[in-house]
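Every chain is numbered from 1 and lettered A, B, ... according to where its sequence line falls, protein lines coming before strand lines. Computed from heavy atoms alone, side chains included, the values below leave out hydrogens, waters and symmetry copies.
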Number of protein chains: 2
Amino acid sequence: MRGTVLHAPGDIRFEDRPDPRLEQPTDAIIRTVATCVCGSDLWNYRGINDVTGPLTMGHEYVGVVEEVGDAVTTVRPGQFVVGGFAYSDNTCPNCRYGYQSTCVHGGFFNTCQAEAVRIPLADGTLIALPEHPDSAMIPALLALSDVMGTGWYAAVAADVRPGDTAVVVGDGAVGLCAVLAAKELGAERVIAMSRHESRQKLALDFGATDLVTERGDDGVAMIKDLTGGVGADAVLECVGTGESLAQARHAARAGGRVGFVGVPHGADFPATELFRSHIALRGGAAPVRRFLPDLIERVLGGRIDPGKVFDLTLPLDRVAEGYRAMDERRAIKTLLLP
Amino acid sequence: MRGTVLHAPGDIRFEDRPDPRLEQPTDAIIRTVATCVCGSDLWNYRGINDVTGPLTMGHEYVGVVEEVGDAVTTVRPGQFVVGGFAYSDNTCPNCRYGYQSTCVHGGFFNTCQAEAVRIPLADGTLIALPEHPDSAMIPALLALSDVMGTGWYAAVAADVRPGDTAVVVGDGAVGLCAVLAAKELGAERVIAMSRHESRQKLALDFGATDLVTERGDDGVAMIKDLTGGVGADAVLECVGTGESLAQARHAARAGGRVGFVGVPHGADFPATELFRSHIALRGGAAPVRRFLPDLIERVLGGRIDPGKVFDLTLPLDRVAEGYRAMDERRAIKTLLLP
């Protein structure tokens with residue numbers, strides 16, 4: 001089969017790779033129906049993370065099961081499956097508490113921009129749909145694999161409640177999905193911080209009630225203006241830089257709640273400031289598996305369409321073009337079809 | 001009247017001070033019925049905080065109203081009143097969200113180890129009891145002013161839920177009250193970290209089910225042992241040093257919750273660690289006013305007796321002796337009676 005390999009920053013190739021095969025009785029092999037490029041893939045692509053050798057890429061997927069190990073009981077060949085960017089047994093204590101992304105036997109995918117994928121711990125990772133979905137549903141289901149699952153967790157971590165004023169920092173695919181999640185969880189007002197027209201449009205489409213184009217202290221001042229000087233009940237941080245994390249904290253009201261899902265890059269949280277503001281903080285890699293049953297239902301029922309974050313669709317063998325379009329911000333997110 | 005003044009580290013004097021008088025129509029003047037020395041007073045007493053000139057001291061009190069300003073409507077002369085260490089209007093947005101310790105018109109007391117005290121914003125600060133309490137109730141009511149209110153907030157900030165395993169870091173008066181609070185909020189297991197026999201005894205009396213004498217990494221290892229390798233659902237941090245904050249974070253399970261009420265001294269929160277652990281964090285100066293009605297009811301109903309934290313009672317004019325006893329750890333907390 002063929003899969004995506006990053007050989008050096010900027011050097012993405014779609015090339016022959018060994019066929020994945022069952023290695024454990026708990027494995028499944030899926031044929032990829034759709035995969036995509038993630039904003040976090042760009043950290044390697046741009047060389048911001050150290051790239052010391054060839055890296056297989058991709059952690060988002062929907063597919064059809066080809067083969068399962070002897071111990072797999074909940075999915076079978078021929079079924080259409082959805083899964084998150086982390087694999088998990090869904091039975092260890094961390095999983096049972098709802099944090100499958102820290103499963104003690106789990107890990108993270110990095111081979112999904114390929115024609116086939118080995119799924120470890122298939123029972124605890126995949127969810128089989130009752131039937132194959134319409135092809136129009138594929139983008140939305142694929143979005144659950146990471147960006148929608150992560151945006152949802154941002155809203156859950158920020159404990160968005162009905163009637164809340166929520167702020168979303170970051171207008172990438174995750175931030176846009178976070179707007180949708182905040183709206184679904186009942187926020188009355190959703191303020192999206194975005195300065196790009198196409199992203200603003202999608203934010204409004206996903207339920208944003210206000211747009212703030214300013215960043216940093218100016219952005220915080222705008223949020224205060226919009227909230228009678230008080231600040232937001234819930235802030236969903238979807239970037240992970242020191243500046244965006246500070247912006248998120250400062251946009252919250254006294255005792256407000258900040259969910260942070262952007263992988264933090266080089267910024268700690270000042271304890272004295274947190275003490276003074278009383279804000280609550282929770283973050284992390286989204287435990288997508290916890291939310292999948294609910295999110296699949298919302299997609300299949302037509303309640304949400306997070307597939308709209310894909311504004312470029314390419315054949316999988318043109319994956320390099322997909323990276324380039326996102327790197328140059330010509331695309332929000334690239335869908336890849338084998 | 002006479003009041004307590006710290007002239008230099010270690011130099012506490014009880015001396016003549018101007019009688020407090022109404023300065024604003026929202027003020028009340030109370031005659032102090034009981035006051036006490038706080039662990040946080042020792043930061044100044046020990047010279048850990050810079051002391052550049054004479055400081056009036058004390059932020060805990062119960063008393064009887066002597067006089068009220070024209071705008072005060074909820075308390076009247078002759079009533080026995082309880083209040084927290086911060087004053088607040090209880091009407092500003094921060095107060096309405098339940099964070100009266102960041103009231104936009106509020107502040108913190110620092111004149112309460114005295115025979116009389118001016119209470120700004122009396123309506124939003126004080127609660128009058130229906131009648132004067134038995135003298136046996138005075139210590140418990142006084143404890144609400146800070147240590148019990150703060151221990152309660154630690155439990156609320158850590159979102160202690162029925163059935164939880166809770167860990168309390170710190171065995172000062174606040175930590176001991178936090179044990180009581182965790183128990184009252186339904187924790188099934190309350191693990192107190194303490195190495196002092198008298199404090200261990202009180203922790204058990206307040207509902208601790210387990211004692212851990214180890215600190216730092218060893219203490220965390222013991223918590224893991226006691227929780228099947230998983231960690232605690234809720235951790236109540238009542239110290240504020242870098243070591244104790246780290247101990248608190250590391251004692252929590254994946255996705256666990258940490259409430260921190262010890263004023264942080266020189267330690268920030270590592271963002272990457274928080275991201276990996278998924279723990280929730282909330283801290284701050286306790287909004288005691290939020291909890292007072294409930295806590296007063298629990299005390300008057302005989303449900304809790306946080307007054308047990310006082311193991312030394314002195315006449316107010318021997319306040320210096322009270323500081324010394326706490327500084328030398330001969331007393332957990334000194335009650336002072338004018």
Using a cut-off of 6.0 Å, state whether more than 12 heavy atoms not belonging to B:D217 lie near its atom CG.
no
Side-chain touch B:L281/A:F269, heavy atoms, less than 4.5 angstrom
no
B:D50 atom CG: more than 12 heavy-atom contacts under 6.0 Å:
no
For A:A254 versus B:T102, what's the shortest heavy-atom pair and its separation?
CB-OG1, 3.7 Å
Max heavy-atom pair count under 4.5 Å with chain A, selected residue of B:P287, B:G259, B:G255, B:G256
B:G255
Flag yes if more than 12 heavy atoms outside B:E273 fall under 6.0 Å of its CD atom; otherwise flag no.
yes
Does atom NE2 of B:H105 have more than 12 heavy-atom neighbours, drawn from other residues, nucleotides or ligands, at distances under 6.0 Å?
no
Hey, is CZ on B:R215 packed in by over 12 heavy atoms from elsewhere, all under 6.0 Å?
no
Which atoms of B:V263 are under 4.5 Å from chain A, going by heavy atoms: the side chain, the backbone, both sets, or neither?
both
More than 12 non-hydrogen atoms from neighbouring residues, nucleotides or ligands closer than 6.0 Å to CD on A:E188, yes or no?
no
When the 4.5 angstrom heavy-atom criterion is applied to B:F260 and chain A, the contacting part is both
Quick check against the 3.5 Å criterion: does B:D268 have a side-chain atom that pairs as donor or acceptor with the backbone of A:A271?
yes
Side chain, backbone, both or neither: which part of B:P93 has an atom under 4.5 Å from a heavy atom of chain A?
side chain
Quick check for you: to the nearest 0.5 Å, what is the distance between A:S101 atom OG and B:R276 atom CZ?
12.5 Å
Under a 3.5 Å distance rule, please check whether A:R282 uses its side chain to pair with a backbone N or O of B:H278 as donor and acceptor.
yes
